[in-house]
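All residue numbers refer to positions in the sequence shown, counting from 1. Given the structure is predicted, the values throughout are model-derived calculations rather than measurements.
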Amino acid sequence: MRLVLLGAPGAGKGTQAKKLIEKYGIPQISTGDILRKAVSDGTSLGKEAKSYMDKGELVPDKVVIGLIEERLGQNDTKKGYILDGFPRNTAQAETLDRMLNDLGMPLDLALSVDVPKEDLLKRLTGRRTCNNCQQMYNVYYSPPKKNGICDKCGSELFQRDDDKEETIRKRLDVYESQTLPLIDYYKKKGMLKSISGTGSIEEIFSKVCAAIAK
Ligand code: AP5
């Protein structure tokens, strides 16, 4: 299965992608995760990316396209992949199409997870992630048993730097102006399916799996 997950910041792309990895045994390729790793490793790419991410802006196309090209070329993508957070604008989508055709592994489906804007802010301000195992929590919807501590491994939880309210609002604006046009892009190609991302994580996962199975 070769899938692009579309959706606003906080729509639950990462949450659903992690469940898909378990079910289908294919890798999640998240440009956000790759960039955050570069930031925490202190690489020059990470330093460049951080200045954009902290403002809620998109990192320049040439940077993320290079990262994606390298990642898609790895062996584990041969049996399929879940793209999460890429593409983010029409230029990235067009480049991706060319890249995947060259690699002989074109997309099967673009799946949009739709969540009302008023819910997104609460999901993002409430998000907490484990420093060690990356398990995700939400202080409003799925809090850990002990405040600030991961239920699974006992490590500390952190809040992403770009999950501050002002930065979230900027990310949502960027999504509407630059990423939302991709809905039409994939619709015109006959590759788009949309599901509601409101409800429990399990309910949404059932809808995701049903959309993939059709
Ligand atoms: P990125 O990391 O891609 O962030 P994003 O798209 O803003 O998406 P998020 O990770 O915030 O949300 P999500 O949809 O994955 O939601 P999640 O599952 O975590 O990008 C970050 C930055 O990197 C960008 O701003 C940009 O600067 C840069 N970047 C990345 N890719 C780029 C690209 N291609 N080009 C240029 N720049 C790029 O869930 C959110 C919260 O909600 C969690 O707490 C979760 O527990 C909770 N939740 C999930 N589902 C539910 C539910 N059903 N009910 C209640 N709560 C739920």
Side-chain angles (χ1 to χ4, degrees), residues 1-9 11-53 57-113 129 132-134 136 160 162 171 174-175 178-193 208-209 211-213:
M1 197 240 321
R2 300 187 283 245
L3 173 72
V4 163
L5 279 179
L6 294 171
K13 304 179 296 295
T15 303
Q16 296 300 324
K18 294 210 163 43
K19 295 179 76 64
L20 288 170
I21 298 174
E22 278 174 31
K23 182 172 165 103
Y24 292 96
I26 54 174
Q28 168 199 18
I29 302 180
S30 156
T31 35
D33 286 349
I34 297 171
L35 290 166
R36 277 184 289 280
K37 170 90 172 45
V39 170
S40 78
D41 289 349
T43 64
S44 56
L45 185 149
K47 283 178 190 144
E48 184 188 354
K50 186 171 167 40
S51 62
Y52 295 95
M53 295 168 83
E57 292 171 1
L58 293 185
V59 173
D61 288 349
K62 65 173 172 33
V63 175
V64 278
I65 286 169
L67 290 174
I68 274 290
E69 192 163 24
E70 202 245 300
R71 182 63 187 88
L72 282 169
Q74 291 174 19
N75 263 338
D76 63 345
T77 60
K78 298 276 181 288
K79 52 186 175 168
Y81 50 79
I82 306 154
L83 285 170
D84 162 14
F86 187 94
R88 267 317 220 271
N89 57 30
T90 310
Q92 290 184 13
E94 287 168 352
T95 307
L96 178 67
D97 283 344
R98 283 194 295 274
M99 210 184 278
L100 292 174
N101 280 335
D102 290 349
L103 288 164
M105 44 188 211
L107 282 177
D108 298 320
L109 177 67
L111 182 63
S112 172
V113 181
T129 311
N132 177 45
C133 71
Q134 311 307 315
M136 214 164 356
R160 266 170 49 175
D162 60 350
R171 286 162 60 202
V174 168
Y175 173 76
Q178 300 196 45
T179 311
L180 209 49
L182 293 183
I183 298 289
D184 266 351
Y185 179 88
Y186 287 113
K187 201 185 273 176
K188 279 183 191 144
K189 287 176 172 283
M191 295 177 76
L192 182 79
K193 283 187 186 160
V208 169
C209 293
I212 289 168

Taking the side chain as every heavy atom from C-beta outward, state whether [X] and [Y] have any atom pair closer than 4.5 Å.
{"X": "Ile34", "Y": "Phe86", "answer": "no"}
{"X": "Val64", "Y": "Leu58", "answer": "no"}
{"X": "Leu3", "Y": "Leu20", "answer": "yes"}
{"X": "Thr43", "Y": "Glu48", "answer": "no"}
{"X": "Arg88", "Y": "Asp61", "answer": "no"}
{"X": "Tyr185", "Y": "Leu6", "answer": "no"}
{"X": "Asp108", "Y": "Ile212", "answer": "no"}
{"X": "Val63", "Y": "Tyr52", "answer": "no"}

> Is a donor on one side and an acceptor on the other found under 3.5 Å between the side chain of Lys13 and the backbone of Gly7?
Replying inline: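 Yes, because the side chain of Lys13 sits within donor-acceptor range (under 3.5 Å) of the backbone of Gly7.
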For [X] and [Y], which heavy atoms make the closest approach, and how far apart are they?
{"X": "Pro106", "Y": "Asn101", "answer": "CB-OD1, 3.8 Å"}
{"X": "Arg171", "Y": "Pro9", "answer": "NH2-CB, 3.7 Å"}
{"X": "Lys47", "Y": "Gly42", "answer": "NZ-O, 3.4 Å"}
{"X": "Met105", "Y": "Tyr81", "answer": "O-OH, 2.9 Å"}
{"X": "Tyr186", "Y": "Pro87", "answer": "OH-CG, 3.3 Å"}
{"X": "Glu57", "Y": "Val174", "answer": "CA-CG2, 4.5 Å"}

In Å, rounded to the nearest 0.5 Å, how long is the span from [atom1] of [X] to [atom2] of [Y]?
{"X": "Ser112", "Y": "Lys187", "atom1": "OG", "atom2": "NZ", "result": "9.5 Å"}
{"X": "Gln134", "Y": "Asn132", "atom1": "CD", "atom2": "CG", "result": "7.5 Å"}
{"X": "Arg98", "Y": "Leu103", "atom1": "CZ", "atom2": "CG", "result": "13.0 Å"}
{"X": "Met191", "Y": "Leu111", "atom1": "CE", "atom2": "CG", "result": "11.5 Å"}
{"X": "Gln92", "Y": "Asp97", "atom1": "CD", "atom2": "CG", "result": "12.0 Å"}
{"X": "Asn89", "Y": "Gln178", "atom1": "CG", "atom2": "CD", "result": "6.0 Å"}

>> Show, in sequence, the C-alpha distance, side-chain angles and deciding distance for Leu35 and Leu45, and conclude whether the side-chain contact (heavy atoms from CB on, under 4.5 Å) test is met.
In response: CA-CA 8 Å; Leu35 290 166; Leu45 185 149; 4.0 Å; yes
> How far apart are the C-alpha atoms of Thr77 and Arg71, what are their side-chain angles, what is the distance that settles it, and do they pass the side-chain contact (heavy atoms from CB on, under 4.5 Å) test?
Replying inline: CA-CA 8 Å; Thr77 60; Arg71 182 63 187 88; 3.9 Å; yes
> What's the verdict on side-chain contact (heavy atoms from CB on, under 4.5 Å) for Leu83 and Ile68, showing C-alpha distance, side-chain angles and the deciding distance?
Replying inline: CA-CA 9 Å; Leu83 285 170; Ile68 274 290; 3.8 Å; yes
> What do the steps show when you test Leu182 against Thr90 for side-chain contact (heavy atoms from CB on, under 4.5 Å), and what is the final call?
Replying inline: CA-CA 6 Å; Leu182 293 183; Thr90 310; 4.3 Å; yes
> Does NZ belonging to Lys78 count more than 12 external heavy atoms closer than 6.0 Å?
Replying inline: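 Yes, because the 6.0 Å sphere around NZ of Lys78 holds more than 12 heavy atoms from other groups.
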> What pairs with Arg160 under salt bridge (charged side-chain N to carboxylate O under 4.0 Å, His left out), at least two apart in sequence or on another chain?
Replying inline: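 Partners of Arg160 under the salt bridge (charged side-chain N to carboxylate O under 4.0 Å, His left out) test: Asp162.
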